[in-house]
Amino acid sequence: MELVYGLIAIAAALAIGLSTIGVGIGQGIAAAKAFEAMARQPEMHSKLQTTMILAMGFMEALAIYGLLIAFIILGNMP
């Protein structure tokens, strides 16, 4: 029975870990590209910033989905 608990814990850890790693890489790339675009065209700063913040919010939602899946996995422990 301890093996089952261990496998469930590993599954939950992988769910949250992989989702946050993916989101972290995506946010880093998005922020770098947005800052690069702002440096090239300073007059577009407000429009680029708004778009970047919106994109960051959508990416954070993906990380929260990973957390939700981890909680669901842990909630189904026998």
Side-chain angles (χ1 to χ4, degrees):
M1 198 57 136
E2 292 84 22
L3 178 64
V4 173
Y5 289 142
L7 290 176
I8 291 173
I10 289 172
L14 284 174
I16 188 64
L18 292 176
S19 70
T20 54
I21 286 173
V23 168
I25 291 170
Q27 284 182 342
I29 292 171
K33 296 296 182 180
F35 291 146
E36 181 180 333
M38 286 179 206
R40 290 181 184 210
Q41 293 182 331
E43 66 275 2
M44 294 291 292
H45 175 269
S46 63
K47 194 171 197 175
L48 288 168
Q49 185 178 11
T50 303
T51 306
M52 181 186 70
I53 290 173
L54 187 63
M56 293 289 182
F58 288 137
M59 285 187 256
E60 279 299 318
L62 293 175
I64 292 170
Y65 289 148
L67 179 64
L68 179 66
I69 290 171
F71 282 147
I72 289 170
I73 290 171
L74 289 175
N76 289 330
M77 290 182 100

**Request:** Please report the closest heavy-atom contact between Met52 and Ala31, naming both atoms and the distance.
**Result:** SD-CA, 3.9 Å

**Under 4.5 Å side-chain linkage, directly or through intermediates, the cluster mates of Ile64** = none

**Prompt:** Which hydrophobic side chains are connected to Leu54, either touching it within the sub-4.5 Å cutoff or through other members that do?
**Reply:** Phe58

**Request:** Tell me, please, which residues at least two apart from Ile72 pass side-chain contact (heavy atoms from CB on, under 4.5 Å).
**Result:** Leu68, Asn76

For residues 3-27, which side-chain donor-acceptor pairs fall under 3.5 Å, sequence neighbours excluded?
unit_1	atom_1	unit_2	atom_2	d
Tyr5	OH	Pro78	O	3.0
Ser19	OG	Ala15	O	3.1
Ser19	OG	Ile16	O	3.1
Thr20	OG1	Ile16	O	2.8
Thr20	OG1	Gly17	O	3.1
Gln27	NE2	Glu60	OE2	2.9

**Prompt:** Sequence neighbours excluded, which residues qualify as salt bridge (charged side-chain N to carboxylate O under 4.0 Å, His left out) partners of Glu36?
**Reply:** Arg40

Tabulate below the donor-acceptor pairs under 3.5 Å that side-chain atoms of residues 42-49 make, not counting sequence neighbours, or state none.
none

